There are 2 protein chains.
Amino acid sequence: MVAGPTSTGPGKDRLRLWIRLLRASRTIEAELRERLKKEFDTTLPRFDVMAALYRSPEGMLMSDLSRFLLVSNGNVTGIVDRLVSEGLVTRARRNGDRRTSMVRLTEEGSKTFAAIAAAHESWVGELLGTVSEDEARRLTGMLKSFRSNWEGRE
Amino acid sequence: MVAGPTSTGPGKDRLRLWIRLLRASRTIEAELRERLKKEFDTTLPRFDVMAALYRSPEGMLMSDLSRFLLVSNGNVTGIVDRLVSEGLVTRARRNGDRRTSMVRLTEEGSKTFAAIAAAHESWVGELLGTVSEDEARRLTGMLKSFRSNWEGRE
DNA sequence: GGCAATTATTTCAAGCTTGAAGTTTTATAA
DNA sequence: TTATAAAACTTCAAGCTTGAAATAATTGCC
């Protein structure tokens, strides 16, 4: 996946783009993961869950989190388990539908997240420093629409 | 990581770009992983290792693979173990330096990889279908240089 | 030569990830 | 009502991933 095509031909340009995209995101992701561990003793998946919850003060269902973060249900269960045991998140059973539970940041979780998010944003700014703000906007636009072609089928 | 910034300010455009980049690569990666499993009963990491070896008929050291694929040494050990047990790869101890071993695709591994790689390329072409070949080349160029700023520091 | 540092690799624990199977609760419908 | 299906989660096995510690072989220096 990270190795590229050596020959030329139809479709090679898209393959090359995919290789670059993957290498770029893996490199940045690895660096962010390392800094999250070193500076805040946390992980990327936990940060992702907290980020989602931070935007929804009213809370989110497990399935909301799963859908929003593009990961499986069982995956979210484990991550939320750990966040609960760290006191950053609560799971509240609901009266209306007792299959579901509402997940929310605790006050401590909210403070903790705000601090991490600030560092995270400046790290991203640093790591993508060679991309101008203008170029960043153009790239974002290009990436915005690529999925419509095939996602959501079945 | 997959959640985005809601406010505006300096650095927000790069953060937004990073979110898009990550969502795009995660989505494509998930789809490719699923197809590799369903169609060829293999995984992305194994495909990556085979792709690297396919380009080096003379073989690669474990540390070469690790460096090239941007993953840890211990990681490569496990993946190569599984490929060896599937008969797709061999580990040959060297006379010169007995700490190292040369990893090579077997003949079967080479054939197997060629078949998978063809499917893989057409999948990527499909999944990135909304990006024109021309746009693909431009995006690739933009992604090519972003690392030079900070990688290799320390 | 002999010994310390370096290099290549493996092992291991902890955590992430998926997909499948299982549990509990709610909705549907005969 | 009462089966049956559907929905929301959890559990589990297998595999991926890292970073740290352990092994083994080589290199460099006295």
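So that the names make sense, note that chain A is the first sequence line, chain B the second, and so on, each numbered from 1. Everything numeric here is computed off the predicted structure, so don't read it as measured data.
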J.: Nearest-Å distance, CG (B/N95) to C1' (D/dT26)?
T.: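 Nearest whole value for this atom pair: 15 Å.
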J.: Which side-chain N or O atoms in residues 59-66 of chain A pair as donor and acceptor under 3.5 Å with protein atoms at least two apart or in another chain?
T.:
from	atom 1	to	atom 2	distance (Å)
A/D64	OD1	A/R67	NH2	3.2
A/D64	OD2	A/L61	N	3.0
A/S66	OG	A/V71	O	2.7

J.: To the nearest 0.5 Å, what is the distance between CD on B/E34 and CG on B/L44?
T.: 12.5 Å
J.: Rounded to the nearest angstrom, tell me the gap between atom CG in B/D97 and atom C1' in C/dT9.
T.: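 Going from CG in B/D97 over to C1' in C/dT9 covers 11 Å.
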J.: Rounding to an integer number of Å, can you tell me how far A/M60 CE sits from D/dA8 C1'?
T.: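 It is 15 Å, rounded to the nearest whole Å.
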J.: Rounded to whole angstroms, how far apart are CG on B/D81 and C1' on C/dT11?
T.: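 Value for this atom pair: 11 Å.
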J.: Dump the intermediate steps for side chain to side chain contact (heavy atoms under 4.5 Å, CB included) on B/E126 and A/R14, then the final yes or no.
T.: CA-CA 9 Å; B/E126 172 195 346; A/R14 293 201 182 91; over 6 Å; no
J.: Will you find, in the side chains of A/T100 and A/R94, an N or O donor that is under 3.5 Å from an N or O acceptor?
T.: yes
J.: Please classify the nucleic acid contact of B/R94 as base, sugar-phosphate, or nothing, using heavy-atom distances under 4.0 Å.
T.: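 Nothing, no nucleic acid heavy atom in range.
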J.: Under the side chain to side chain contact (heavy atoms under 4.5 Å, CB included) criterion, do B/E29 and A/W18 qualify, and how do the steps go?
T.: CA-CA 10 Å; B/E29 205 172 334; A/W18 169 234; 4.3 Å; yes
J.: Would you indicate what A/R91 reaches in the nucleic acid, counting non-hydrogen atoms under 4.0 angstrom: base, sugar-phosphate, or nothing?
T.: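 It contacts sugar-phosphate atoms only.
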J.: Nucleotide by nucleotide, 5' to 3', does protein get under 4.0 Å of the base (B), only the sugar-phosphate (S), or neither (-) in nucleotides 16-24 of chain C, counting heavy atoms?
T.: SSBS----B
J.: Applying ring pair (Phe, Tyr, Trp, His ring centres under 6.0 Å), name anything that partners A/Y54, two or more places apart in sequence or on another chain.
T.: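 By the ring pair (Phe, Tyr, Trp, His ring centres under 6.0 Å) rule, A/Y54 matches A/F113.
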J.: Between B/S63 and C/dT9, is there a contact of a side-chain N or O with OP1 or OP2 at under 4.0 Å?
T.: yes
J.: Quick one: is C/dT11 close enough that its OP1 or OP2 comes under 4.0 Å of any side-chain N or O from B/T77?
T.: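 Result: no.
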